[in-house]
Amino acid sequence: MHVWGVEFRERFAGFLRVGAIVFAFGCADDASRMDVVVQLRTDLVAGEEFDRVQLVLTPTSAVNFSRREQVDIGRSRSFLPADRVAVLADVPPGSYRLDALLQDSERGEVVSQRPALLDVSTNVVVTLPVDRSCLNVACPPRDNPDTPEDESTRIACLGGVCVDPRCTLENLEFCEGAGLCTENADCESPASCATGECLHGVCWARPVAFESADACSPESDWCHPEHGCLPHGADRPTSVNPSCSDGQRNGDETGVDCGGRCAACPPGEPTCFDGQRNGDELGIDCGGSCRLPCRLSTVVDPTCIDGQRNGDETGVDCGGLCTPCSAAFDCETQIDIPVHECLALVAIYNALGGEGGPFGPSGANWLSDPSPCAWRDVTCEAGGVRALASVSSMPQGELPPEIGNLTNLVSLWFAPLILSGKIPPEIGRLSKLENLYLEGNQLSDVIPPELGELSELRELALGNNQLSGTIPIELGNLANLERLALYSNDLRGNIPAELAALSKLEVLGLARNELVGGIPSELGDLPALETLSLSNNPELGGEIPPELGNLTALTWLEIRESGIESAIPVELGNLDQLVHLDLGRNDLTGAIPDELGDLSRLRYLDLASNNLSGSIPPELGSLTALTELRLFSNALDGTIPAELQNLSSLTQMLLQHNQLSGSIPSGLENLTQLRVLALDDNDLRGAVPQTLQNLGSLMTLDLSENACLWATECVTFEPWLAGFDADWQTSNTDLACMPPPEACP
């Protein structure tokens, strides 16, 4: 039995990114299933240093069940103190390994990875600590790289050292060796915007209080504990302090990760900077315990990482000058699966690094167990391999063409950073495949048109790779496809109109590519579409087709920063299921349609940074579910509609940089959830309503650059203004506590 589900949400420029990808294998009695609540404590900055958490639950006992869930994280979240990431529901009893991968989807990197071992016999809460000092640490430690991955192996990191994977904040007795501090005074931060906090012997970096003079401005900056306040979206800096496990000789080390403040170097240890291939290196000064990735220019000839058997190798990338081959496996003697499927698994094992790859650790039991169906990450059913799903990110390799021989495969899933090279066109022979999930790897070249032959495919997830070329029109043949995710690649050319034939498609994610040629009107013929994300295709151009108003199942529409030059179609008012509408940073013209006020479920509306004109429709006051209203940087005029006081769920009202006139409606005091109010750079006039002081949730206020706006009741207004962040106090200094000159009526 194969059970899967998808909830895909992308939001590239907002404050919150939400997404989940879940699929599970195996069966168990529903009555005996438990919930695993996963919490995360980390001083890595959400939305800047990582924006995605991928959870992988795999069994370490005799239970045929695994689960993967991916959660996108926005910069509005903090995980100090610990906060919930996800609930893995309906998990059958047994022993499991849980891997949490903190990812930077922009760069396609795994920033930090935290494994944990847990026993599920009742509902479980597990809190995974991922501290900043573990950024450059690879476990198991270098002094014992061949230790089996069992319960006694130190394969997790805490406080910069390798610890038992049972070490969580609920099981501190397994965290021996992580004691680096005893009090907060032991933890220092080089940057003034952060302080050190000692918890359970580990130093955590915490940004200073919001009201502190050293705090970063939350709207424009974030606090890096080593480099201070950095602009949102800035390149992530490298660590100030060299690590004893970063595969480099730095600091006071006398060798690579040894000597000086690190452990003493073993006598005669080969180095990772001697210009030779020695030790367990895969190339010259790279691979193996050096941990530096090998490039083709540094790898000895014949290469040991090209996924082929060449030179004096006795297997694929092993034997001869390369690392030793694993023990041979006789596919003729096993009876679990067809021989050609067994040979395909062995070819995949070797192509992805053998013992050094994702299927190589002894805990995975590949080639050592006589039954291929017992190998970790392999799921069999009815005498064939039904699912192959990698667990952990390891050095990259290329899928071999033998993958096409797994003819019973239903699901193929590889964790990020495992795969490189081309997508084998032989995958098109997997006629039973339903799920192909290769997101977050470093796949390059084109999308093979042969994928259009996968008639049973329900999910095609190739996002966050380095794929180029065009979107094959053959993908329009995938009649059962429900999710197509090709975002964050280098795809060019037009969006194929042939995709309109995908009558079951629920998610279409093409954001962050280089697509051109406009939005095909045929996309309005996708009756099941719930999510359409075309953002960040700067040269896409054209108009928003009115036909998109036919997508009555649509809940999420993003066409941000894509060079759209048209008016907003009034037909978008027909999308009564829509909860998220982002058309920001385009060249939209004309007025905001009154019909948008009919979107009763809408929670997020972003039309900012366009060329919209006319007044703000009072009909927007009907959007009572709205939490964010972003209309800034347009040419809107007229008054602020009093009807906006009905938006009781609103947390952000951003109307700055327009030509709004009139007074500020006193009824805005009804917006009790409002946290950000930005009305600066308009032509607002009159007294600031004293009722605004009743907004107890307000954190950011900017009324500056409204020459004829003034404050009243200075006795209360000035202390109220002083309660805001220093930057916002400064922004509002041009508000006089008396009527301005007579030139202002």
Side-chain angles (χ1 to χ4, degrees), residues 10-16 219 511 519 532-538 540-546 548-549 551 554-576 578-641 643-644 646-647 649-660 671 674 676-682 702:
E10 287 184 277
R11 177 169 154 197
F12 295 114
F15 287 88
L16 181 64
E219 295 301 317
I519 304 171
L532 177 60
S533 179
L534 306 177
S535 295
N536 297 89
N537 284 281
L540 183 61
E543 63 178 18
I544 300 175
L548 296 189
L551 302 175
L554 203 65
T555 63
W556 197 277
L557 177 59
E558 275 197 351
I559 316 176
R560 180 180 184 83
E561 198 169 347
S562 295
I564 304 298
E565 300 174 336
S566 71
I568 301 174
V570 298
E571 288 81 358
L572 296 188
N574 299 332
L575 305 178
D576 56 6
L578 205 63
V579 299
H580 182 104
L581 177 59
D582 188 348
L583 306 178
R585 297 184 64 85
N586 283 293
D587 293 309
L588 297 173
T589 57
I592 299 174
D594 298 347
E595 288 79 0
L596 296 188
D598 296 333
L599 304 177
S600 59
R601 298 174 183 265
L602 200 65
R603 296 200 296 264
Y604 180 90
L605 176 60
D606 190 343
L607 306 177
S609 299
N610 281 289
N611 296 310
L612 296 171
S613 57
S615 59
I616 299 174
E619 288 81 1
L620 297 188
S622 301
L623 304 177
T624 55
L626 200 66
T627 61
E628 295 187 36
L629 176 62
R630 303 164 65 88
L631 304 179
F632 60 86
S633 298
N634 280 289
L636 299 172
D637 55 23
T639 62
I640 299 174
E643 288 82 357
L644 297 188
N646 300 326
L647 304 180
S649 300
L650 203 65
T651 63
Q652 297 190 33
M653 181 186 290
L654 307 180
L655 308 180
Q656 68 269 33
H657 308 307
N658 279 290
Q659 301 166 18
L660 300 173
L671 307 182
L674 199 64
V676 179
L677 177 60
L679 305 177
D680 51 294
D681 191 18
N682 278 289
D702 196 342

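Remember, it's a predicted structure, so these values are computed and weren't measured experimentally. Sequential numbering from 1 along the given sequence is applied to the chain's residues. We use all heavy atoms of the structure for the numbers below, so side chains are in, but hydrogens, waters and symmetry mates are not.
- The two residues Asn682 and Leu660 have their closest heavy-atom pair at OD1-N, 3.0 Å.
- Smallest separation of non-hydrogen atoms from Pro546 and Pro569: CA-CB, 4.0 Å.
- Between Leu575 and Leu581, every side-chain heavy-atom pair lies at or beyond the 4.5 Å cut-off.
- Every residue two or more places apart in sequence or in another chain was checked for a salt bridge (charged side-chain N to carboxylate O under 4.0 Å, His left out) with Glu595, and none qualifies.
- In this structure, Ser535 contributes its side chain and Arg560 its backbone to a donor-acceptor pair below 3.5 Å.
- In this structure, Asn646 contributes its side chain and Leu644 its backbone to no donor-acceptor pair below 3.5 Å.
- Taking each heavy atom of Asn634 and Leu607 in turn, the nearest pair found is ND2-O, 3.1 Å.
- Remark: side-chain polar atoms of Asn610 are paired, donor with acceptor, to backbone N or O of Leu583 under 3.5 angstrom.
- Taking Asp681 as the reference, His657 meet the side chain to side chain donor-acceptor pair (under 3.5 Å) condition, with sequence neighbours excluded.
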>> Set out, in order, the CA-CA distance, both residues' side-chain angles and the distance that settles side chain to side chain contact (heavy atoms under 4.5 Å, CB included) for Arg601 and Leu578, then state yes or no.
In response: CA-CA 6 Å; Arg601 298 174 183 265; Leu578 205 63; over 6 Å; no
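- Side-chain contact check for Asp587 versus Thr589: every heavy-atom pair is 4.5 Å or farther apart.
- Atom CZ of residue Arg585 and atom CD1 of residue Ile564 lie 14.5 Å apart, to the nearest 0.5 angstrom.
- The CG atom of Leu534 sits 11.5 Å away from atom CG of Asp582, with the distance rounded to the nearest 0.5 Å.
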Residues 611-622 side chain polar contacts: donor-acceptor under 3.5 Å, at least two apart:
{"from": "Ser622", "atom 1": "OG", "to": "Glu619", "atom 2": "O", "distance (Å)": "3.4"}

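- In this structure a side-chain-to-backbone donor-acceptor pair under 3.5 Å is present from Ser566 to Ile544.
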>> side chain to side chain contact (heavy atoms under 4.5 Å, CB included) for Ile592 and Leu636? Distances and angles first, verdict last.
In response: CA-CA 9 Å; Ile592 299 174; Leu636 299 172; 4.1 Å; yes
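- Note that the CG atom of Asp606 and the CZ atom of Phe632 stand 6.0 Å from one another [nearest 0.5 Å].
- Summarising the geometry, atom CG belonging to Asp702 is positioned 8.5 Å from atom CG belonging to Leu679; distances are rounded to the nearest 0.5 Å.
- Within the model, atoms CG of Leu629 and CG of Leu655 stand 5.5 Å from one another, a figure rounded to the nearest 0.5 Å.
- Taking all atoms of both residues into account, the shortest heavy-atom contact from Gly573 to Leu596 is N-CD2, 4.5 Å.
- Judged purely by atom type and a 3.5 angstrom limit, Thr627 uses its side chain to pair as donor or acceptor with the backbone of Arg603.
- Summarising the geometry, atom CD belonging to Gln652 is positioned 8.5 Å from atom CG belonging to Leu674; distances are rounded to the nearest 0.5 Å.
- Listed here is the closest heavy atom pair of Asn536 and Ser562: N-OG, 3.4 Å.
- Residues His580 and Thr555 have side chains not in contact (no heavy-atom distance under 4.5 Å, counting atoms from C-beta outward).
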>> Could you go through Ile519 and Leu532, starting from their C-alpha distance and side-chain angles, then the distance that decides it, and tell me whether this counts as side chain to side chain contact (heavy atoms under 4.5 Å, CB included)?
In response: CA-CA 11 Å; Ile519 304 171; Leu532 177 60; 5.6 Å; no
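- Residue Leu671 comes nearest to Met653 through the heavy atom pair CD1-CE, 3.7 Å, listed as atom of the first residue, atom of the second, then distance.
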